[in-house]
Number of protein chains: 2
Amino acid sequence: MKATDSRNLHGHVIRELGKRIVVGDLRPGDVLPREEALAESMDVSRTALREALKVLSAKGLIESRPRVGTRVRATHFWNQLDADVLSWRCASMPADDFIEKLVEMREIIEPAAAAAAARRRTAAQLANVELAYRKMEASLDPEEWAVADLGFHDAVLQATGNELMISLFSVVESALGMFFVLSAKTAGNFNYSLPHHLKVLEAIRRKQPEIARKAMQSMIEDSLANLHKKRKGSSKKAS
Amino acid sequence: MKATDSRNLHGHVIRELGKRIVVGDLRPGDVLPREEALAESMDVSRTALREALKVLSAKGLIESRPRVGTRVRATHFWNQLDADVLSWRCASMPADDFIEKLVEMREIIEPAAAAAAARRRTAAQLANVELAYRKMEASLDPEEWAVADLGFHDAVLQATGNELMISLFSVVESALGMFFVLSAKTAGNFNYSLPHHLKVLEAIRRKQPEIARKAMQSMIEDSLANLHKKRKGSSKKAS
DNA sequence: CGCGGTGCATTTGTATGATAAATTTCGGGA
DNA sequence: TCCCGAAATTTATCATACAAATGCACCGCG
């Protein structure tokens, strides 16, 4: 929900360098200037710079060694699932193929989550899913509906009780959110997919994992189909 | 593959505090001692301590504000998919239910990855999967086989071309590895599952996603069944 | 008595300068 | 030529000082 803190000074340095690396302005193998020089060039003290470098190092983006300097690591070392890394990547170069990768992750997680929720949900978790569904029913405008929809998916995820899945979903979703929230608002026909939601809810209530999985799957398929239709309608785009 | 660097001093502080938090020795809401005091109690300078705190903050474990101190954040803020967080969690208290969550993630990722690989694999990627399969065929002892097996799964993952999936797998796998490598070595019947591997390979070659998914799925099911059997055999454990 | 603003104290945030440790590189000797 | 050691460079760590933020108590006013 919240990336590197923007208030503090070293937070700025983290974002600045992080973006430059993720975008490709700084390439793997490149060595950064000496800490002293780099600090001066970014108008911060070496202390603040180093705190930033340590964070980037923890994200797997860089590696520093005495006498050698700090160099950008190969991409396969990066913490690709780190919220910051993901957001930097989305902020700058929303390459279409990257969005597709995010969507692919979503398509994998959500049906599996629905199945897991149907298998293990507690009574309280079921109640939350139901509550979320009711809020969707009661939504009057697309914006309200979009919020309630997110709440529904979140409730399902919570019902899995698997914090790894929850974390993965939240990271992917927040990265995708940057693109999809907008298009959601344009919809006039916003509660088309409510029947799907109902199917998911009922399957979770009755503890039927496979039915829940399939329902969630077709829900996503539908929403993606809608999205493509809209896209084709507004902007003319090949392939 | 490599968590926070152990060589450096602040790396020690990161692990020490990180573990204490993840394990539950320090609970969400708790506030840590003042930086000066904490630094002294850990025999490092305030500078080094702060670099460590910044890293833990980037992992979502803590949050520090002037005048208030640094407090442990609620677990839902944690970067659960961070390699360090995961490893700390495994290192100390390998609660059975947590292992199950990791296994669940693996069960979700791998079939999906096999399907994606079958859909999009390049010729070179297919060649790598085939090479990995050949190495499994040629394996003579369980240890060699385990390494080759990991190589096979890795090759499939690479063939998806989705770095998010690759990263997720590598994180989960390295966390699981701590438990499973051992039991793999005990097997006498180590190349039981080769037929499954072959099915996956062939499905990827022929670009048949659904077949690849199912093959990978049953491969995992079998290996888990084997594992349970072995467990029951060696240690007597209820439920 | 209650309420709001104002200053103070405390803790993190940043800066600076100095020293230690690591490691590459270069040079000298066998 | 090869090996070993000294030198140079860069990160790692430390100590200290000051700035900024902010909770809290105190004081004055209605």
Side-chain angles (χ1 to χ4, degrees), chain A residues 2-18 20-21 26-74 77 84, chain B residues 2-18 20-21 26-74 77 84:
Chain A
K2 142 182 174 309
T4 41
D5 206 332
S6 170
R7 296 190 295 272
N8 299 326
L9 192 31
H10 78 269
H12 178 248
V13 176
I14 293 175
R15 261 198 323 283
E16 208 57 35
L17 288 178
R20 293 236 305 261
I21 292 174
L26 291 169
R27 307 235 239 128
D30 289 357
V31 314
L32 281 61
R34 308 190 355 252
E35 288 181 351
E36 195 179 339
L38 191 55
E40 189 187 12
S41 83
M42 303 192 84
D43 273 306
V44 295
S45 72
R46 208 184 137 212
T47 308
L49 174 72
R50 275 183 59 82
E51 287 179 358
L53 290 182
K54 282 308 172 189
V55 170
L56 292 176
S57 179
K59 294 181 189 302
L61 298 184
I62 60 175
E63 182 182 35
S64 4
R65 299 176 56 190
R67 163 76 206 193
V68 162
T70 84
R71 68 175 56 200
V72 179
R73 299 185 79 183
F77 284 117
D84 288 324
Chain B
K2 142 184 172 308
T4 41
D5 205 331
S6 169
R7 296 190 296 270
N8 299 326
L9 191 32
H10 80 269
H12 178 248
V13 177
I14 292 175
R15 258 197 325 284
E16 208 57 35
L17 288 179
R20 292 238 303 262
I21 292 174
L26 292 169
R27 305 226 257 151
D30 289 358
V31 315
L32 283 62
R34 306 186 2 246
E35 288 181 350
E36 196 179 338
L38 191 53
E40 188 187 12
S41 83
M42 303 193 85
D43 273 305
V44 295
S45 72
R46 206 187 137 207
T47 308
L49 173 73
R50 276 183 58 82
E51 288 178 0
L53 290 183
K54 281 309 170 187
V55 170
L56 292 177
S57 178
K59 294 182 189 302
L61 298 185
I62 60 176
E63 182 184 35
S64 22
R65 299 174 56 189
R67 164 76 205 191
V68 135
T70 84
R71 68 174 57 198
V72 179
R73 298 185 79 185
F77 284 117
D84 288 324

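Numbers restart at 1 for each chain; the letters A, B, ... are given by sequence-line order, proteins then strands.
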Testing the basics here: between G60(B) and R73(B), what is the closest heavy-atom pair and its distance to 0.1 Å? O-CD, 3.5 Å

N/O donor-acceptor pairs under 3.5 Å from side chains in residues 8-18 of chain A, not counting sequence neighbours:
none

Using the heavy-atom set of chain A and a strict 4.0 Å cut-off, write down the first and last nucleotide of DNA chain C that makes it in, 5' to 3'. dG13(C) to dT25(C)

Distance-minimising heavy-atom pair for P28(B) and A74(B): CB-CA, 4.0 Å

side-chain contact (heavy atoms from CB on, under 4.5 Å) for L53(A) and I62(A)? Distances and angles first, verdict last. CA-CA 8 Å; L53(A) 290 182; I62(A) 60 175; 3.7 Å; yes

Contact summary for V55(A) and A58(B), nearest pair of heavy atoms: CG1-CB, 3.6 Å

Heavy-atom pair with the smallest gap, counting every atom of S64(A) and T70(A): CB-CG2, 3.0 Å

Report each atom pair, protein N/O against N/O of nucleotides 9-13 of chain D, whose distance is under 3.5 angstrom.
unit_1	atom_1	unit_2	atom_2	d
dT9(D)	O4'	R67(A)	NH1	2.9
dT10(D)	O2	R67(A)	N	3.1
dT11(D)	OP2	E35(A)	N	3.4
dA12(D)	OP2	R50(A)	NH1	2.7
dA12(D)	N7	R46(A)	NH2	3.0
dT13(D)	OP1	L9(B)	N	2.4
dT13(D)	OP2	H10(B)	ND1	3.3

side-chain contact (heavy atoms from CB on, under 4.5 Å) between K54(A) and E51(B), worked out: CA-CA 6 Å; K54(A) 282 308 172 189; E51(B) 288 178 0; 3.7 Å; yes

